[in-house]
S.K.: 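Structure provided below as structure tokens; questions to follow.
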Amino acid sequence: MRNAARGGLNLRATLECGQVFHWRERSDRSWEGLVGSEYAVVRETDGHLDVQHGRRERVARYFALDHDLAEIYAGFPQDETMQAALDYGRGLRIIRQPAWECLATFITSSMKQVVHIRQMSLALRSRFGAPVAGTDLRSYPEPGALAAASEEELRACRLGYRAKHLRATAESVASGRANLAAWAAFDDEALREALCGLPGVGRKVANCVMLFGYERLAAFPVDTWIGRILQRNYWRGRARATPLALERRLAGRFGPHAGYAQQYLFHHARATQGRGRS
DNA sequence: ACCCAGGGGCAAG
DNA sequence: CTTGCCCATGGG
């Protein structure tokens, strides 16, 4: 079953740009992963999505094929830095990721490279997740499963100091004190404030969860990569600014879908300025 | 040996 | 409201 994507699709960029961490490519160039707790196999053909396994509508929604990329791109700034990132990542989509999976994953992301986040995520799935029919992939652990785990067990998944934060937030969500589903009704500021109240969640992680888990496309996470890009290309000659200052002063330049712009800049920088410059 | 990675929390200025 | 330091772990 083939699904039209408004403005094209770059499946590899979408799945490897650092917004989601468990998908894997198969030898036939298709990709397999879990949409919530459902096994899915997908493939990109001519800029469209081929759903080879899984419920078509559900998978299409997960990959946000309804996002109108042409309209989103039209809001990007017309400068060289942004256009180079756009040319490189064209077709990359911000997907609709389950809020808890996204929140938990980004709590473990602090001071870690994408490859490590993936390893921790897979270890958590393997140790605490539930089996899924049709695959050896396991669903992301429920909040209760992580809340019931000991800190030592979480550290065994190589989480380090992040184990304490993940466990505490899992408890908060499992108890219902933090109702992630209800928070979807909050406006951006209220949602950010609610998220920042959770252990291990500061402004950067909150912005990632808003962008990837709540479809708040204006959310603009500033990490070390984006900080460098903004400082060098959009804040030249001025005093070194903190991530928060950069976000407040510059996010507006990237339009109503600033989060999309941010992800293209991140993906481009990571690929071209590559991790190992020896 | 040293540096950095999709940071956050906390105490101190 | 900002800055400095620590928090583990892996890789270059």
Side-chain angles (χ1 to χ4, degrees), chain A residues 13-23 85 89 92 94-95 97 101-124 127 150-170 172 178 192-214 216 219-232 235 238-251 254 258-278:
Chain A
T14 297
L15 294 174
E16 292 189 334
C17 71
Q19 63 176 325
V20 64
F21 299 90
H22 76 277
W23 287 81
L92 186 164
I94 305 290
I95 67 175
Q97 197 173 155
E101 176 179 331
C102 183
L103 168 63
T105 303
F106 276 92
I107 284 175
T108 68
S109 75
S110 93
M111 297 301 290
K112 279 292 181 190
Q113 298 187 5
V114 170
V115 56
H116 298 139
I117 301 168
R118 177 183 171 87
Q119 285 166 3
M120 291 184 288
S121 182
L122 291 174
L124 287 169
R127 174 67 183 79
S150 71
E151 192 180 322
E152 289 310 310
E153 289 176 306
L154 295 180
R155 279 177 181 268
C157 297
R158 321 314 295 176
L159 266 66
Y161 61 85
R162 304 159 193 84
K164 190 186 303 264
H165 295 151
L166 179 58
R167 190 174 181 289
T169 289
S172 186
R192 184 182 290 111
E193 192 172 340
L195 288 167
C196 284
L198 296 169
V201 181
R203 190 172 180 100
K204 189 271 172 181
V205 169
N207 280 332
C208 286
V209 177
M210 290 173 67
L211 178 59
F212 304 131
Y214 284 91
R216 305 303 171 98
F220 193 81
V222 178
D223 67 344
T224 55
W225 289 91
I226 295 298
R228 275 197 294 271
I229 293 168
L230 294 179
Q231 187 81 49
R232 166 146 32 92
W235 204 244
R238 284 172 273 204
R240 193 189 160 338
T242 64
L244 175 59
L246 289 171
E247 180 191 338
R248 285 208 282 237
R249 288 164 170 155
L250 297 175
F254 294 90
Y260 251 99
Q262 177 274 161
Q263 198 57 22
Y264 278 68
L265 290 172
F266 177 80
H267 181 56
H268 183 232
R270 210 165 62 87
T272 58
Q273 282 147 247
R275 296 115 294 209
R277 80 218 83 156
S278 51

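Letters A, B, ... mirror the listed sequences (proteins, then strands); counts begin at 1.
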S.K.: Please report, rounded to the nearest Å, how far the P atom of C:dC7 is from the CD atom of A:Glu151.
M.R.: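 Going from A:Glu151 (CD) to C:dC7 (P), I get 14 Å.
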S.K.: Who are the side-chain contact (heavy atoms from CB on, under 4.5 Å) partners of A:His22, not counting sequence neighbours?
M.R.: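 Here the qualifying residues are A:Val20, A:Leu34, A:Tyr62, A:Glu101, A:Leu122, A:Arg125.
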S.K.: Can you list everything that forms a salt bridge (charged side-chain N to carboxylate O under 4.0 Å, His left out) with A:Arg162? Sequence neighbours excluded, please.
M.R.: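 None.
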S.K.: Figure out the NE2/C1' separation between A:His268 and B:dG6, and round it to whole Å.
M.R.: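 Computing the A:His268:NE2 to B:dG6:C1' distance gives 17 Å.
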S.K.: Give every pair of a protein N or O atom and an N or O atom of nucleotides 3-5 of chain C that lie under 3.5 Å apart, one pair per line with the distance.
M.R.:
none

S.K.: Looking at every strand, decide which applies to A:Arg155 at a 4.0 Å heavy-atom threshold: base, sugar-phosphate, or nothing.
M.R.: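 If one applies the 4.0 Å heavy-atom cut-off, A:Arg155 turns out to touch the sugar-phosphate alone, with no base involved.
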S.K.: Using the P atom in both, what is the distance from B:dG6 to C:dT3, to the nearest Å?
M.R.: 23 Å
S.K.: Round to the nearest Å and state the distance from A:Glu16 atom CD to B:dG6 atom P.
M.R.: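 To the nearest whole Å, that distance equals 15 Å.
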S.K.: Donor-acceptor pair, A:Gln263 side chain versus A:Cys17 backbone, under 3.5 Å?
M.R.: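 Yes, the answer is positive, given that a donor and an acceptor are paired below the 3.5 Å cut-off.
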S.K.: Return the nearest nucleotide to the side chain of A:Ser109; candidates are B:dG6, C:dC7, C:dT9.
M.R.: B:dG6
S.K.: A:Ala269: what forms a side-chain contact (heavy atoms from CB on, under 4.5 Å) with it, not counting sequence neighbours?
M.R.: A:Trp225, A:Ile229, A:Gln273
S.K.: What nucleotide among C:dT9, B:dA5, B:dG6 has an atom nearest to a side-chain atom of A:Arg228?
M.R.: B:dA5
S.K.: Report yes or no: is there a donor-acceptor pair, N or O only, under 3.5 Å between the side chain of A:Gln113 and the base of C:dG12?
M.R.: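 By the distance-only test, no, there is no pair.
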S.K.: How does each nucleotide of nucleotides 8-13 of chain B score, in 5' to 3' order, for protein heavy atoms under 4.0 Å: base (B), sugar-phosphate only (S), or none (-)?
M.R.: SS----
S.K.: Could you list all the salt bridge (charged side-chain N to carboxylate O under 4.0 Å, His left out) pairs where at least one residue sits in residues 113-123 of chain A, not counting sequence neighbours?
M.R.: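 Residue pairs with at least one partner in residues 113-123 of chain A: there are none.
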S.K.: Quick one: ring pair (Phe, Tyr, Trp, His ring centres under 6.0 Å) partners of A:His116, sequence neighbours excluded?
M.R.: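 Partners of A:His116 under the ring pair (Phe, Tyr, Trp, His ring centres under 6.0 Å) test: none.
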S.K.: Would you please name every residue forming a ring pair (Phe, Tyr, Trp, His ring centres under 6.0 Å) with A:Tyr214, sequence neighbours left out?
M.R.: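 Not a single residue meets the ring pair (Phe, Tyr, Trp, His ring centres under 6.0 Å) criterion with A:Tyr214.
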S.K.: Rounded off to whole Å, could you give me the NZ-to-C1' distance for the A:Lys112 and C:dG12 pair?
M.R.: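 These atoms are roughly 14 Å apart.
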S.K.: Side chain of A:Met111 only, heavy atoms from C-beta on: which candidate in C:dG11, B:dA5, B:dG6 is closest?
M.R.: B:dA5
S.K.: Starting the side chain at C-beta, find the nucleotide from C:dT2, B:dG6, C:dT9 nearest to A:Arg248.
M.R.: C:dT2
S.K.: How would you list all residue pairs meeting salt bridge (charged side-chain N to carboxylate O under 4.0 Å, His left out) that involve residues 201-212 of chain A, not counting sequence neighbours?
M.R.: A:Arg203-A:Glu247
S.K.: Only counting residues at least two apart or in another chain, list the ones meeting ring pair (Phe, Tyr, Trp, His ring centres under 6.0 Å) with A:Phe212.
M.R.: A:Phe106
S.K.: Give the dot-bracket string for DNA chain C, reading 5' to 3', where a pair is Watson-Crick or G-U wobble with both distances under 3.5 Å, ( ) marks pairs inside the strand, [ ] marks pairs crossing earlier ones, | marks a partner on another strand, and . marks unpaired.
M.R.: |||||||.||||
S.K.: Can you sort out the partners of A:Arg155 under salt bridge (charged side-chain N to carboxylate O under 4.0 Å, His left out), two or more places apart, ordered by chain and number?
M.R.: A:Glu151
S.K.: Kindly confirm whether the side-chain ring of A:Phe266 is stacked on the base of B:dG6, judged by centres under 5.5 Å and planes under 30°.
M.R.: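 Yes, aromatic ring over the base.
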S.K.: Counting only heavy atoms not in A:Arg240, do more than 12 sit closer than 6.0 Å to its CZ atom?
M.R.: no
